[in-house]
Protein chains: 2
Amino acid sequence: MSSSSDEPSAKKPRRRSRIREAHEAKILHIAEELFSRNGYNGTAIEAIAEHAGMSKQNLLYYFSSKEVLYHRVLENILDLWLEKMALLDQEGEEPAEMLRNYIRGKVELSRTNPKASKVFAIEIINGAPHLKDYLKSSLTPVLEADVQLVKDWIAEGKMDPIDPYHLFFLIWSSTQTYADFSSQVELSLGKGELDEADYQTATEFLTHVILKGVGLS
Amino acid sequence: MSSSSDEPSAKKPRRRSRIREAHEAKILHIAEELFSRNGYNGTAIEAIAEHAGMSKQNLLYYFSSKEVLYHRVLENILDLWLEKMALLDQEGEEPAEMLRNYIRGKVELSRTNPKASKVFAIEIINGAPHLKDYLKSSLTPVLEADVQLVKDWIAEGKMDPIDPYHLFFLIWSSTQTYADFSSQVELSLGKGELDEADYQTATEFLTHVILKGVGLS
DNA sequence: ACCATATTTTACCATATGGTAGAAATTAAC
DNA sequence: GTTAATTTCTACCATATGGTAAAATATGGT
């Protein structure tokens, strides 16, 4: 509609800088990796900076403190998480199909973002000290909507009268275990690393057991 | 039968000391608590010592290093874990009943030892750097026996032909979530802390869904 | 080329922390 | 009570780490 300039009043400080964008992205990526391996306290910002190819002081130029950086990492993760969470919102299909997609999405998330999942998990285990407020305000409404949907299904006699909350706890934990506890899973299976077939097997197993378990198959 | 002395050949260095026993126990207990809240790197041995009512140097007299102390905490936890693991060994009852007891035992463990479970979880998430060898040698054989038992049940047509390994991953993750991710569960349920009724509900829910899901009910 | 701004480097600092050495004090067997 | 061992305390230390201050350098628009 208007001209290509979005800020007509900008006179001088109108720089966003590709270099900043790139560096911040790189730092966030490395930070996710290191935080997932060593936790918050076990990760030195100097180590993050080194892996990102810059000095610690330079990193601190982009993220004013370790806390701020960690926060950003957590927020990115939670947003990813909440995206998949909204799957139940899209009504229209059959309950079985929706739950199947939900489970598939969660396993997929574990496969594609294992590091993020681990950072998130450690944060939750430690009582979510940095995340509690954000979690409460963002998770709760989505969960409540999902729970209500399941309750409706139950009321309509479409599935067994199970506790919806615990159903979600079950799905979350069983799907995330392939990211968070991958070392234990790998050790149990006698594998070095899980491959696509393993995730496929996991998805099929979980959908079979959970859907049948709640009377949806 | 014999005299009250168990070591007739002991001449001088025959002290075990109740005080050492008591102090070590106290230290281990506090350490479990703090490690579960702040992780390995986030926990200062000085903090552990303070909570145990002694100086850091005194703690170091009982445990020669932080690593050693952490190791001991982990071993205690893993032993607890493996105990409940052997439930499947006691054959004789019906498959359904055995699995039911197994699940009940795991939930019970989450309820009675949430801190231990958390320390264990963080260690696993971080790739089990301190525990891998011990885990491999102690978990694997028990798990293999359990897996074989399930395979037998499947071969006998007693249950659905599911993947036994993933069944155990499912049970481990879904039961431990009530310890490890308790803060998330509490937040989701809108509760300050889980009570007995919650664990009861969880147990009933999990046994219902999992047993039915694998064709055992 | 010039200049304002963005980026990077150099130089420090205060604090926390795991660990060591050895003296002092306590304990318990004899 | 003496004695040998156990337990605790005093004094340190080396290192790691998050963070600050400010100078130096690069960048991009005009």
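In what follows, chains carry the letters A, B, and so on, assigned in the order in which the sequence lines appear, proteins first and then strands, with residues in each chain numbered from 1.
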Notebook entry, point to check: Taking B:H23 as the fixed residue, which of B:Y62, B:Y61, B:F63 is the one that meets the ring pair (Phe, Tyr, Trp, His ring centres under 6.0 Å) rule?
Noted result: B:Y62
Notebook entry, point to check: Nearest-Å distance, CZ (A:R18) to C1' (D:dG28)?
Noted result: 10 Å
Margin query: Need the pair for D:dT30. Rule: Watson-Crick or G-U wobble, both distances under 3.5 Å, any strand; none if unpaired.
Written below: C:dA1
Checklist line | Rounded distance in Å - CG (B:L60) to C1' (D:dA11) | finding: 15 Å
Check: Which of these nucleotides, C:dG18, D:dT8, D:dG19, is closest to any side-chain atom of B:A44?
Finding: C:dG18
Margin query: Check this one for me: any side-chain N or O of B:Y61 less than 4.0 Å away from OP1 or OP2 of D:dC9?
Written below: no
Margin query: Expressed as a whole number of angstroms, how long is the span from B:N58:CG to C:dG22:P?
Written below: 19 Å
Next item on the list: Starting from C1' on C:dA16, measure out to CD on B:E46 and report it in whole angstrom.
Entry: 9 Å
Next item on the list: Output the distance between atom CG (A:L131) and atom OH (A:Y70), rounded to the nearest 0.5 Å.
Entry: 8.0 Å
Note to self: On the side chain of A:K66, is there an atom forming a donor-acceptor pair with the base of D:dG19 - under 3.5 Å, no angle test?
What the structure shows: no
Margin query: Using whole Å, what does the distance between atom P of nucleotide D:dT17 and atom CD1 of A:I48 come to?
Written below: 11 Å
Next item on the list: Using only side-chain N and O atoms of A:R20, determine if any of them is under 4.0 Å from OP1 or OP2 of C:dA6.
Entry: no
Checklist line | Separation of atom CD in B:E21 from atom P in C:dA28, rounded to whole Å | finding: 14 Å
Next item on the list: Please state whether the phosphate of D:dT6, meaning OP1 or OP2, lies under 4.0 angstrom from any side-chain nitrogen or oxygen of B:Y62.
Entry: no
Check: Starting at CG of B:L59 and ending at C1' of D:dC9, how long is that distance when rounded to a whole Å?
Finding: 15 Å
Checklist line | Under 3.5 Å donor-acceptor, B:E123 side chain and B:H130 backbone | finding: yes
Margin query: Just to be sure I understand the rule, does A:I45 reach a base, reach only the sugar-phosphate, or reach nothing, if contact means heavy atoms closer than 4.0 Å?
Written below: sugar-phosphate
Checklist line | 5'-most by nearest nucleotide on DNA chain D - B:Q57 or B:H23 | finding: B:H23
Check: Got a donor-acceptor contact below 3.5 angstrom from the B:K66 side chain to the B:Y40 backbone?
Finding: yes
Next item on the list: Could you state the atom-to-atom distance from CD1 of B:I27 to P of D:dT8 in whole Å?
Entry: 9 Å
Next item on the list: Describe, in one word, how the ring planes of A:H166 and A:F169 are oriented to each other, choosing from parallel (under 30°), tilted (30 to 60°) and perpendicular (over 60°).
Entry: perpendicular
